[in-house]
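Scroll down for the structure; my scribbles are underneath it.
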Amino acid sequence: MADAEPKTNAEDYLRMYRQMVRIRTFEDNANQLYLSAKMPGLTHMYSGEEAIAVGICEALTDEDRITSTHRGHGHCVAKGAEFKEMFCELLGKEEGYCRGKGGSMHIADQSHGNLGANAIVGGSMGIATGSALRAKLQGSDDVTVCFFGDGATAQGLMYEVMNMAALWKLPVIYACENNGYSEYTRTEEIAAGSITARAEAFGIEAHQVDGQDVLAVNALTRRLVERARRGEGPFFMELMTYRYHGHHVGDINREYYRSKDEEKDWKENRDPIIRFRAWLVTEGIASEDEIEAMNAEIVKDAAEAVSYAEAAPYPDASEVDMHVYAD
Amino acid sequence: MSVISYLEAGKRAVREEMQRDPTVWALGEDLGRGGVFGQYKGLIDEFGPERIADTPISEACIMGAAVGAAMTGTRPIVEMRFSDFALCAIDELVNQAAKARFMFGGQMRVPMVVREPTGMWRSSAAQHSQSLESWYTHIPGLVVVAPATPADNLGLLKSAIRNDDPVVYLEHKNLWPLEGEVPEGEHLVPLGEAQIVRTGRDLTLVTWSATRHSCVAAADALEKQGIEAEVIDLRTLWPWDRDRVLASVEKTGRLIVAHEAVAVSGFGAEIAATVAEALHHRLKAPVQRLGAPRIPIAYAPPLEDEARVTEKKIIDAAKALCLPVAAS
């Protein structure tokens, strides 16, 4: 693990652990909902990448904004969302964050500054940059984090927004979650040169960080957020990670594009939750028993939220044209 | 009343709304230098470079940034320079701006105005001349406005800026120098309300944008030949003033929809179909559409003119439709 800040706040570390486990548990349940044909649509699992969403969002306040991706459940949980409203959304229920109109790929949680997941690869880059531009225009000190994957580095919009953000010193952090695959294609086959060099070409300070190390991600983000609030942005982070599942939940037989050995290595040797749990125990921040109790509570919370969502009503058909336009 | 140009009217609308509401601001290429047509000239002196923001030539970034800034509490005016260039930003407009409110279950609004100078302008050729309004009327979530006069450009642009949804605002490039009377003081034209430009009993001419003026000229000429045409300028294409159009056709029994855009899948088709569905029993003649042939706009003047819906074409179509009237 990276060097941690002084351990004066064990609560922060335990919350980070808890949030990572909440994401993993959420995804395990979402996957089961899909496999048991209870989910109307499909979904993209964040499992394996938890340290990124948590390390970053723990450095933000509710006033800070994020934009998210099709693989966005982790961002949503990490930014403060509740299981109940999220599962309701996945199942298309009225009590979902988006009243069942968005589903897995379009969860937003405005109350915690999540401006929404986006099913267009790289589609939220303009929105995040605009949110930061608004902050500058209004003299507000909030920061916007734009999550996107390595696949989105192939979109032209990324170069347009980095140029504008750098010209105008916008308080935005571009967070590239490099999980090694652009859908089914290895990143090195679709990305020429270095990813961080793309940002550096615009004069944007760029960092590559181990995305499986929540403390490293959090420490870097806290420094960058602080500087962005002072007008030193924008910044770029490339977070090296791995997605445990396929591109989406239906992508089950993956050996035609990646080996089981590779998946096993990441899951057994580089898992962000296993690593952080071991660190918490070694540092004496939590005992194994306390961690097990925390895990069990999260599993129970998720099960209750799933049951609630399964029983919850769909939106009334009369809602179908609500919110197409402002009232 | 004072007389100002269509271009000046647009500038006055922006100035008045920026004075009234500090969350209104504009971004686009060359705005600090007045904009490519001069429609922002002087505004930077009054409002400064942050509210009249000069951007790189990056339409997708401009549009996307406006969406983010609108979602988080401001009212951006996006300048696209030419409607043709806005196609570089179509994802941000169609997938993001138009859908955010619905797909996020009403959690946010996207109040932004996208100004897209549109239409034929002498010999500007295929990538500076298009009328693409029917692309936008097809997209749920967008409001579409196409003013034809200085007074409407003032009143509709002000209403568009105050609207809480994304508005595609199509100003016709050929109308920039057109002068006309505008009221003194606050002048708002409600969105969704057509204007009956002149009344008539024999034929309804539904139109918008620059073609309004060809329709009015045609109606003047037709009057001398005994045909009284009612001219309706829709002004707002979505939501369009269905009631006013249906009431007029109910009276006249004849309809021509005339617009500059390609006739095939043009917005005229929607109006023609709606009228045919609602009033087929009242129609005295088949509904007619006048629009451009399905060709890109050419550079050479005689070829460019082939795409125009001219006063003569409107007169000919009206006479063909109203033969019994003219003969009586």
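First the proteins, then the strands, lettered A, B, ... as listed; each starts at 1. Because only heavy atoms are used, hydrogens play no part in the values below, and waters and symmetry mates are left out as well, while side chains stay in.
Counting only residues at least two apart or in different chains, salt bridge (charged side-chain N to carboxylate O under 4.0 Å, His left out) contacts with residues 71-85 of chain A are absent.
Between the side chain of Glu17(B) and the backbone N or O of Arg162(B) there is no donor-acceptor pair closer than 3.5 Å. Looking at Thr236(B), its side chain does come within 3.5 Å of a backbone N or O of Gly192(B) through a donor-acceptor pair.
Interface remark: of the candidates Leu167(A), Ile120(A), Leu133(A), Thr144(A), Ile120(A) forms the most heavy-atom pairs closer than 4.5 Å to chain B. Of all the listed residues (Met71(B), Met63(B), Gln96(B), Met108(B)), the one sharing the greatest number of non-hydrogen pairs under 4.5 Å with chain A is Gln96(B). Across Asn163(B), Val143(B), Asn95(B), Asp165(B), the residue that shares the most heavy-atom pairs under 4.5 angstrom with chain A is Asp165(B). Between chain B and the options Glu89(A), Lys101(A), Met125(A), Met105(A), the largest number of non-hydrogen pairs under 4.5 Å is found for Lys101(A). Among the candidates Asn163(A), Ile107(A), Asn118(A), the residue making the largest number of heavy-atom pairs closer than 4.5 Å to chain B is Asn118(A). Put simply, of Gln138(A), Glu319(A), Arg99(A), Gln110(A), the one with the most heavy-atom pairs under 4.5 Å next to chain B is Gln110(A). Among the candidates Thr129(A), Val161(A), Leu170(A), the residue making the largest number of heavy-atom pairs closer than 4.5 Å to chain B is Val161(A). Comparing Met164(A), Lys136(A), Met322(A) by how many heavy-atom pairs each has under 4.5 Å with chain B, the most go to Met164(A).
At a threshold of 4.0 Å, the pair Glu116(B)-Arg81(B) does not count as salt-bridged, since none of the basic side-chain nitrogens sits closer than that to a carboxylate oxygen. A salt bridge links Arg230(A) to Glu232(A): one of the charged nitrogens lies within less than 4.0 Å of a carboxylate oxygen. A salt bridge does not link Glu16(B) to Arg20(B): none of the charged side-chain nitrogens sits closer than 4.0 Å to a carboxylate oxygen. Ion pairing between a basic and an acidic side chain is recognised when a charged N comes within 4.0 Å of a carboxylate O; Lys158(B) and Asp21(B) show no such pairing. Looking at Asp327(A) and Arg109(B), no side-chain N of the basic residue comes within less than 4.0 Å of a carboxylate O on the acidic one, giving no salt bridge.
When heavy atoms are compared at a cutoff of 4.5 Å, Ala117(A) approaches chain B solely by way of its backbone atoms N, CA, C and O. With a threshold of 4.5 angstrom between heavy atoms, Val320(A) approaches chain B through N, CA, C or O but not through any side-chain atom. Of the two parts of Glu92(B), only the side chain, counted from C-beta on, holds a non-hydrogen atom closer than 4.5 Å to a non-hydrogen atom of chain A.
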Please report the C-alpha distance between Glu270(B) and Trp240(B) in whole Å, then the side-chain angles of each, then the deciding distance to 0.1 Å, and finally whether the side chain to side chain donor-acceptor pair (under 3.5 Å) criterion is met. CA-CA 10 Å; Glu270(B) 174 64 25; Trp240(B) 66 285; 4.7 Å; no
Could you check His73(A) against Tyr46(A) for ring-ring contact (aromatic ring centres under 6.0 Å, His included), going step by step and ending with a plain yes or no? CA-CA 7 Å; His73(A) 303 160; Tyr46(A) 196 73; 8.7 Å; no
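Shown here is Arg33(B), whose CZ atom has no more than 12 heavy atoms of other residues, nucleotides or ligands within 6.0 Å.
Contacts of residues 36-58 of chain B with chain A at a heavy-atom distance below 4.5 Å involve Glu50(B), Arg51(B), Ala53(B), Asp54(B), Thr55(B), Pro56(B), Ser58(B), listed in sequence order.
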